[in-house]
2 protein chains.
Amino acid sequence: MSSPKSATVEPVNPDLAPIEQQAAGFEAVREARRSETAEDYVELIDDLIKAMGEARVVDVAARMGVSHATVNRILARLSKEGLVNTQPYRSIFLTEAGADLAQQSRERHRIVVEFLCALGIDEATAERDAEGIEHYVSTETIEAFQTWTGKLAK
Amino acid sequence: MSSPKSATVEPVNPDLAPIEQQAAGFEAVREARRSETAEDYVELIDDLIKAMGEARVVDVAARMGVSHATVNRILARLSKEGLVNTQPYRSIFLTEAGADLAQQSRERHRIVVEFLCALGIDEATAERDAEGIEHYVSTETIEAFQTWTGKLAK
DNA sequence: TGTACAATGTAGCCTAGGCTACACATTGTG
DNA sequence: CACAATGTGTAGCCTAGGCTACATTGTACA
Ligand SMILES: [Mn+2]
Ligand SMILES: [Mn+2]
Ligand SMILES: [Mn+2]
Ligand SMILES: [Mn+2]
């Protein structure tokens, strides 16, 4: 702005994280965001199959709160990625990889919800927050959540 | 799939959340995702101004781990939304709204990091996880985090 | 058995946020 | 003062994930 611009090299400053470390952090978040949709879809599809015997586009759309056109588009991607199998006008199936991902996702989801509840959050709020948080917790943090859920319950 | 498709009406099933509630939950997550970029950018811009006297496109790009073209594109949006002021070839300024959002974001970020650390997570991991989690915690949960950080410290 | 209606598929549009390549401005230095 | 290096702007491309509108298929029931 006003004063002459300093060389690019490095801060003259205090208290900022190392550049590469901060960039890696944001990159990790973007990476997690990339898997978010896939995780939520396979988890929901698995839930529907378990509860209703089959997963239909129209039900996935209603529960995700999006149009069926959006669901179709996302299913095409998941299919390309080997997570679901679809045939025209048939209901949706999970591949083995898809079923595995669904199980892991459900497990992580459960751990986050139970932890938040153990903290005293009401269940509806815990459920809502978990739906976002679940995709951004590292393995270490998930394990800490599990541990603390036990301790806090006492 | 195999058996005749049942009427749309409603499950014949157990243990699934109410449709509208689940859809509202996913919608809330999508809503949070919309503000994520804005929050991270104004927070970073504010940090840079505080630490280095000014926020330059090239430094934002390096710390976000993206190209400067991406930063310019996002700044155009933030400007349209009244969070930043930019003039060609000048460094970036926050509007009052932008500065307010930055402060709130930094505060939430701090609370999440401190909570995770109190749980025993190492600081680098806490910092990484917080960068994602911070955008998906409700007010209730943030307050619970604050409360528990005190208690766990003891 | 026809046919209306529900479900599915698809085309075309939009925004956000990535990228590279290239053009232009600013600035520090020889 | 010129000019190379650095920083900034922008065009054009891409993918993801939203939408509506319309076409097609499958199913239920009159
Ligand atoms: Mn989720
Ligand atoms: Mn989930
Ligand atoms: Mn963040
Ligand atoms: Mn942050």
Side-chain angles (χ1 to χ4, degrees), chain A residues 1-10 23 26-41 44-45 48 52 54-81 83-84 86-93 135, chain B residues 1-10 23 26-41 44-45 48 52 54-81 83-84 86-93 135:
Chain A
M1 59 158 305
S2 39
S3 51
K5 305 202 171 178
S6 62
T8 252
V9 284
E10 253 308 85
F26 283 119
E27 176 52 42
V29 173
R30 287 192 294 272
E31 174 61 29
R33 191 156 46 212
R34 259 168 247 139
S35 355
E36 199 173 332
T37 306
E39 291 171 8
D40 285 338
Y41 272 74
L44 175 55
I45 289 165
L48 287 170
M52 313 217 286
E54 63 176 352
R56 302 185 309 163
V57 171
V58 72
D59 294 322
V60 171
R63 298 198 102 92
M64 292 299 291
V66 299
S67 74
H68 81 274
T70 295
V71 172
N72 271 331
R73 161 153 328 186
I74 288 170
L75 288 177
R77 174 169 80 85
L78 299 185
S79 173
K80 202 165 53 184
E81 292 173 0
L83 295 171
V84 305
T86 59
Q87 298 120 2
Y89 298 99
R90 302 279 89 132
S91 74
I92 310 155
F93 293 90
H135 310 284
Chain B
M1 58 160 302
S2 40
S3 52
K5 307 203 171 176
S6 61
T8 252
V9 285
E10 253 309 87
F26 283 119
E27 177 52 41
V29 172
R30 286 192 295 272
E31 174 61 29
R33 190 153 52 212
R34 260 168 246 138
S35 355
E36 199 173 334
T37 306
E39 291 171 8
D40 285 339
Y41 272 73
L44 175 55
I45 289 165
L48 288 170
M52 313 217 286
E54 63 176 352
R56 301 186 310 163
V57 171
V58 71
D59 294 321
V60 172
R63 298 198 102 92
M64 292 298 296
V66 300
S67 72
H68 81 275
T70 295
V71 172
N72 271 330
R73 159 150 332 182
I74 288 170
L75 288 177
R77 175 168 80 84
L78 299 185
S79 172
K80 201 166 56 181
E81 292 173 0
L83 294 171
V84 305
T86 60
Q87 296 119 3
Y89 297 97
R90 302 279 88 134
S91 74
I92 310 155
F93 293 89
H135 310 284

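In what follows, every chain begins at residue 1, and chains take the letters A, B, ... in the order their sequences are listed.
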Engineer: Rounded to the nearest Å, what distance is computed from the CD atom of residue A/Q87 to the C1' atom of nucleotide C/dT8?
Structural biologist: 14 Å
Engineer: With rounding to the nearest 0.5 angstrom, report the CD to CG distance, A/E54 to A/L48.
Structural biologist: 9.5 Å
Engineer: Rounded to whole Å, how long is the line connecting atom OH of B/Y41 with atom C1' of C/dG17?
Structural biologist: 8 Å
Engineer: Assess whether side chain to side chain contact (heavy atoms under 4.5 Å, CB included) is satisfied between B/E36 and A/V29, documenting all intermediate values.
Structural biologist: CA-CA 11 Å; B/E36 199 173 334; A/V29 173; 3.5 Å; yes
Engineer: Please work out which residues in residues 26-37 of chain B have a non-hydrogen atom less than 4.0 Å from an atom of DNA chain C and list them by number.
Structural biologist: B/T37
Engineer: Using every non-hydrogen atom in the two residues, find where A/A62 and B/A23 come nearest and quote the distance to one decimal.
Structural biologist: O-CB, 3.4 Å
Engineer: Tell me every residue that passes side chain to side chain contact (heavy atoms under 4.5 Å, CB included) with A/R30, counting only those two or more places apart in sequence or in another chain.
Structural biologist: A/F26, A/E27, A/R33, A/R34, B/V66
Engineer: Using the closest heavy atom to pick a nucleotide of DNA chain D for each, name whichever of A/P88 or A/A38 lands nearer the 5' end.
Structural biologist: A/A38
Engineer: How close do A/S91 and A/A55 get, heavy atom to heavy atom, and via which atoms?
Structural biologist: CB-O, 3.2 Å
Engineer: Is the closest side-chain heavy-atom distance between B/Y41 and B/V60 below 4.5 Å?
Structural biologist: yes
Engineer: For A/L83 and D/dA16, what is the distance between atoms CG and C1' respectively, to the nearest whole Å?
Structural biologist: 15 Å
Engineer: As an exercise, state the distance from CZ of B/R56 to CD1 of B/I92, rounded to the nearest 0.5 Å.
Structural biologist: 10.0 Å
Engineer: So does B/R77 get a side-chain nitrogen or oxygen closer than 4.0 Å to the phosphate oxygens (OP1/OP2) of C/dG17?
Structural biologist: yes
Engineer: Name every residue in residues 65-74 of chain B that has at least one heavy atom under 4.0 Å from any atom of DNA chain D, in order of residue number, or write none if there are no such residues.
Structural biologist: B/H68, B/A69, B/N72, B/R73
Engineer: Round to a whole Å and report the spacing from NE2 of A/H135 to P of D/dA16.
Structural biologist: 17 Å
Engineer: From CZ of B/R56 over to C1' of C/dT27, roughly how many Å is that when rounded to an integer?
Structural biologist: 11 Å
Engineer: Grab the CZ-C1' distance between B/R90 and C/dT26 for me, whole Å please.
Structural biologist: 8 Å
Engineer: I need the OH-C1' distance between A/Y89 and C/dG9, as an integer number of Å.
Structural biologist: 5 Å
Engineer: For residues 68-75 of chain B, run the donor-acceptor check on the side chains, cut-off 3.5 Å, and write out each pair with its distance to 0.1 Å, sequence neighbours left out.
Structural biologist:
{"unit_1": "B/T70", "atom_1": "OG1", "unit_2": "B/S67", "atom_2": "OG", "d": "3.2"}

Engineer: Let me see the working for A/L83 and A/R77 under side chain to side chain contact (heavy atoms under 4.5 Å, CB included), right down to the final yes or no.
Structural biologist: CA-CA 9 Å; A/L83 295 171; A/R77 174 169 80 85; over 6 Å; no
